[in-house]
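By convention in this document, chain letters (A, B, ...) are assigned in the order of the sequence lines, proteins followed by strands, and residues within each chain are numbered from 1.
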Amino acid sequence: METKPIVTCHGDQSLFSSLHPSLLQWLPQEAIEWRRSYSRAPKTVFLEASFVPYDEDILPSDTDKTLVSRPFFHIFWTSCDLDAYKQTTREELVEWTSALKRKNIPDWLIVVVSTDESKLKSKLLPRSSVFDKIKSDFCNKTPDRCVVVNDPLKQDQKSNESWQVMLQRLRTLLLQAFNKHLVKYEDGMRNLREKRNEPGWQFTNFFLVQEELAFMYEMLGLFEDALIQYDELDALFTQYILFFAAGNPVDWMMKYTNECTKWSGLSLRKPINRDIRDLIKDNLDSLLDFRSYLFSRQCALLFLLNMPLEVPKRAMEFLHNTVQEVRKLKVEMPVGTIDCWVFLSCLEVLNKCEKFSGSDPIKSYSLYTASLWDYARKKLRFLGELCGLRPEPEIEPTSDQLTLVLNLISGLKSRDDDDKEDKTMQPPEKLREALSSKEAFTRTYLELSELAMGTFKHISRFRSARQIGKDLANFYILQGEPEKAENFLMDAMKSFHQEGWHHLADDMKLELAKCQKLLGNRLKYLKTVCQVVSSPTLSKEVRQSFQAEILEIGNECAGSNYLLKAAPMFVVEDIVVQEHSIICDQAVSIDLHIKCDIPDTVQFDFVSLSVRPHNVTKPNVSGKKLLCKADSGGFLREQVPNFNPVKKPVPSHIEVKASMESSSCGIVCVNSQDLLRRMDSTKNYRRESQQIKEDFNEALRLEKVELTPGKNVLSFSKEMKNTGGYKPGQLLLKIGGLDFLKTLETEEYFSVSHEEPVCVLKPAEGDYLLSGITQLAYLSISPGSFRLNPGDKLSLETSDSLTVTTENDHNMLVVKETEDGQPYEFKVHLFHERENSMTSEAQMIVISHSFALPVKMNLTFNSPFWVTHKVLTAGDRKYIQISLDGSTKEKFLLTEALLRCENPDVEIFPMNKPGLELSVSRHQTVSYVWQLKCNSSEVTDLRLVYSVLYGSRLDVSQTTHKLSYGFSISDFQTLYTVKVDVKPEGDSKDCRVGSGANLTLRVIRSPGCNLKTPVFYKIEDKPEVWAVTGNSSGLLDIAAGKCEISLTVIPLVPGLVHVPKVTLFRPSKDMLKKSEDNRKSGSPDDISPDQEGPVQQGFPRGQVYYASSAKQVRILQTSSKINAKRS
Amino acid sequence: MAVCVAVIAKENYPLFIKTIPTDNELKFYYTVHTSLDVVEEKISSVGKNTNELRELYLGLLYPTEDYKVYGYVTNTKVKFVIVVESINSSLRDNEIRSMFRKLHNAYVDMVCNPFYTPGENITSQKFENVVMSMMHD
């Protein structure tokens, strides 16, 4: 503020003018504490003053109520010497003081500026200096009113000190003066306020009084106190308006209700808007004038207080308040004018703030400017609409609207345009331009929108920013540029949706639909419309109209395929596969539970359900139901920039799944797709979650389907031709050119298989089927892909050797109920003829109408025992041994063993205990022995039959079965007996190694044998045991019935040694002939049977009895002496 | 009195919104939704000095020409928003505070109902009656 408290100066003017500059400079240098009345906090003040020459006329009288323009203090300056004082100065002083006294002014000071000489003098003669004189003449009672200054222009310490003392004195006295006047003034002001309810009281007067106080404070640098004055006035005024609105009108207020003709808005360019202040003074101000002035003053003080942030903060409230007050007072204002005022004021505050923004962090400052920008934007839009500047290209402003523009602009004119140096466009000019044409309006509006939006974004108020985006979109749509609008709407819609504000999201969807329709993007439009149709918040009429539109589009473009998501209009809630495993050519039936969020019934051309191959890993576990997830939201779930909705950290409900078979359990994450989605770079990939239509050739299909709002169940059915595992893939609903597609994510599956029935026959006990007994067995039939129904009959056919009967003794099986998946089991009795072989094969055939082909079974039966026979010989006596080797774990009891022979010449004597019962089982052998006595040597071939009765616990018939074993034996009678003996040579008692021994071979022909032909013998060559000297083989003439030859053999090993083995052979004819020749020529019998190939022929077992085959001879070790000799 | 009363869940979705002129319901939905910006701003600015017990009443969130929007946040981050008409200047801060207290009490009573799952939309008639009383007084 340029004004300062006025101080008059009198006396030596030339002296004063020399001191004036340093006085101005030094006075505010030091602060002084101001203790204030009414227990207000003391303030520290820097005093300033403006010094004017004294004139008696300007002295204020006691009744004068002015504050700012009042000369507060009076100083008399003098530097005269004593003589001059006496001559003139004293007179002047008398005149001055008396003038002051007349006006009752006690605030004065006499400054005596002393030079060096005078000081000297004063030192010499105390009480004789000018200072002393003046003191005694004028300041007897008030000695502080006179002060001496020593040579102030000199730069020494002394003069400086005295100067400072003078300044201090001046400050104190000045403050005293101010205080006195202020107290007085405040009292007066308070009195005036007390009278405010008296008739005739004028607010304007009071305002001016209090404002003067504010000026005073401002003058003293007490901006805070000054602001308080204005705030008090503001409050008082507001109070009056509230009273007024409450129906208590006061006279002085009526002027504010008058028509308002100016709406030029707030002006913050100058600290005091004198024009308006004059209007206020003249009582000609309007409400807007007054409010603008008051606010501009408050702002000016706020800037002085260095609180520019407070300005935009207060501005919003001020604007809103003022608008409200205009309404409350019912001020007559042409339409749109208040909006002009608000718009201009907003811009003015913003302009002003911009200049101050350098000093403050932009963010905290944007906090308030954002809403101002927004407010200005809204107002401009309103004005634009009012003036026919709407963005629609085809609408032109009417003449009425043009007039309105002129009227609005005329209201701005009163503004003084003296501030030409200001480069930025002043708000009124801006408004004038904006209203001048459509293009300018659009430009300004977009600029403001952008600024508002940007500022909101800057302070992270994204919802507010989005709100502006929504308005902008609206604007663009009207302007015919829907492509610019789409993104704004999409953003808003997605964020509303994700934050759970479905009402708002649906509102946006409607807008979006409108926008996309204009864009002509049919697919996008359809997608949006689908969302609209299934909205739970929109009215039924709206939804119906959109549904009708969808159907219309569907019919229109019947040729094309618009691929749309089925959700959310059609939500598949459940899929039920009726039969999880079916057989080829059988029909699979699948029930689909669909929830339709549509207002009206829809008729589909067809609905089809594709199936895709699926690996059935566990065919026995029935498919789990319901994994049709809730709608993922598709593009609604896409990330929106600058938007981080608060997410639910833990779902309120966790699905726990336990699988009893594998004894495990786990937690199912229901929204893994959302949680595990990549957050950042997925944006590009998920732009449009593309659905790809699967192959629908193999699909299950329903023609002409009608879906009603709410729940529907569709039953699909189709014969499956190919085997394999399948699961439902996609659902396709088709109306005209529209394909509603839903990819089903289900665990439901079904398998188509072709499996032959399998029959297995297993004995009830034991490991394998046995022949020879009637055995209980279980026939289990797994029908495979076929199906056996209870009551079905199965017939059994068998090969000849096998008989199979049921318990009821026939060959028909009746199917009974069984548990699912289990094979059918039947008890059967089996009997298979025993054959004398370890195993025997048989075949069984199961025939059923349910099976395509009879089921053949190859069965293997094991014989319970294995019979062998053996002829045993002891000299001429013959024995038959029958052995039965058991093959079963279970014991078989054998009784009544018999051996029969048809030949009368043969007698059989059993060697077994009569009536003996033997049991046989695995790893056991039972033997029976009979002696054969042949009464004739003619018996060569003999047929024998062995029979025994056997029974077993395994046999269900509990009877004994007869086993017959027929066999024949031949050449079994003994013809020769061979005896071999080894004796030591000479007299020695024992055979010794290395020394020769005598071997005697004796062959005796049986008495019944009448063969005269010689036999051929051969001594087994065992060179390591025996060394044979002489013929080791040769013919023996047996004609005499007996023959004996001796040979020398040498034992080679000590110990008990078997005698050399001798074998008899039937000699060949050549051999006989040769021996005959030899005998004639006298050459020795040295022919070897080996030399001439297969000359000799062995006797059948039983015809030769080797009596000495087990005979042993003791060989002693020779003495070492002999050994040494030999070596 | 109040023209719109809203209860907003911790996750910022509406649990309950009641407006008096029901024809322009959507406008209030937008107003309330936008006010969440300021609510979040106010909550986060206090969050820095955690020792201090946050005052539940957030005061005037933002004024518009016609309405004043007030906010209140419970300790469980459930937000209450009350919109009053600007013209109704007789409403002082204290009265707004007491309205919020009343609303909070009603909300607590409603949540105490064992059949109410937190996070669901509020359908309690009793709660609605309290809200209606605040709007008609």
Taking all heavy atoms of [X] and all of [Y], pick out the closest pair and write down the distance.
{"X": "A:Ser464", "Y": "B:Thr34", "value": "OG-CG2, 3.3 Å"}
{"X": "B:Arg92", "Y": "A:Leu242", "value": "NH2-CD1, 4.1 Å"}
{"X": "A:Gly500", "Y": "B:Pro14", "value": "O-CD, 3.3 Å"}

Based on non-hydrogen pairs under 4.5 Å, which of A:Glu325, A:Lys470, A:Glu317 is most in contact with chain B?
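Sorted descending by pairs with chain B, the first entry is A:Lys470.
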(message) Please rank A:Gln467, A:Arg461, A:His502 by heavy-atom pairs under 4.5 Å with chain B and give me the top one.
(response)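 Ranked by heavy-atom pairs under 4.5 Å with chain B, first place is A:Arg461.
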Check the surroundings of atom CD in B:Glu25: do more than 12 heavy atoms from other residues, nucleotides or ligands lie under 6.0 Å from it?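 For B:Glu25, atom CD is crowded (more than 12 foreign heavy atoms under 6.0 Å).
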Quiz item: Just checking, any donor-acceptor pair under 3.5 angstrom between side chains of A:Asp507 and B:Tyr30?
Solution: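 Per modelled atom types, A:Asp507 and B:Tyr30 side chains form a pair under 3.5 Å.
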- Query: Would a 4.5 Å heavy-atom cut-off, applied to side chains only, mark A:Leu367 and B:Glu41 as touching?
  - Reply: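 Counting from C-beta outward, A:Leu367 and B:Glu41 do come under 4.5 Å.
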**Prompt:** Looking at side-chain heavy atoms only, is the closest gap between B:Tyr62 and A:Met316 below 4.5 Å?
**Reply:**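 SC-SC contact between B:Tyr62 and A:Met316 ruled out.
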- Item | Engaged part of B:Leu60 at the chain A interface, taking heavy atoms whose separation is under 4.5 Å |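 Answer is neither: B:Leu60 stays 4.5 Å or more from chain A.
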**Asked** Between B:Glu40 and A:Arg463, is there a salt bridge with N-O shorter than 4.0 Å?
**Response**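 Salt bridge flag = yes for B:Glu40 with A:Arg463.
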- Message: If I measure from the heavy atoms of chain B, does A:Phe456 come under 4.5 Å with its side chain, its backbone, both, or neither?
- Response: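 Looking at A:Phe456, nothing touches chain B.
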Classify the ring geometry of A:Trp501 against B:His33: parallel below 30°, tilted from 30° to 60°, perpendicular beyond 60°.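 Perpendicular: the ring planes of A:Trp501 and B:His33 meet at over 60°.
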- Query: Are A:Glu499 and B:Tyr13 close enough, and set up right, to give a side chain to side chain contact (heavy atoms under 4.5 Å, CB included), and what steps lead you there?
  - Reply: CA-CA 6 Å; A:Glu499 214 167 25; B:Tyr13 61 87; 5.8 Å; no
- Item | Partners meeting side-chain hydrogen bond (donor to acceptor under 3.5 Å, both in side chains) with A:Asp471 (sequence neighbours left out) |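 Per chain and number, A:Asp471 pairs via side-chain hydrogen bond (donor to acceptor under 3.5 Å, both in side chains) with A:Arg377, A:Arg381.
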Can you sort out the partners of A:Lys514 under side-chain hydrogen bond (donor to acceptor under 3.5 Å, both in side chains), two or more places apart, ordered by chain and number?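 With neighbours one apart ignored, the set is empty.
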(Q) Among A:Lys378, A:His320, A:Arg327, which residue satisfies the side-chain hydrogen bond (donor to acceptor under 3.5 Å, both in side chains) criterion with B:Glu65? (A)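 Exactly one pass, corresponding to A:Arg327.
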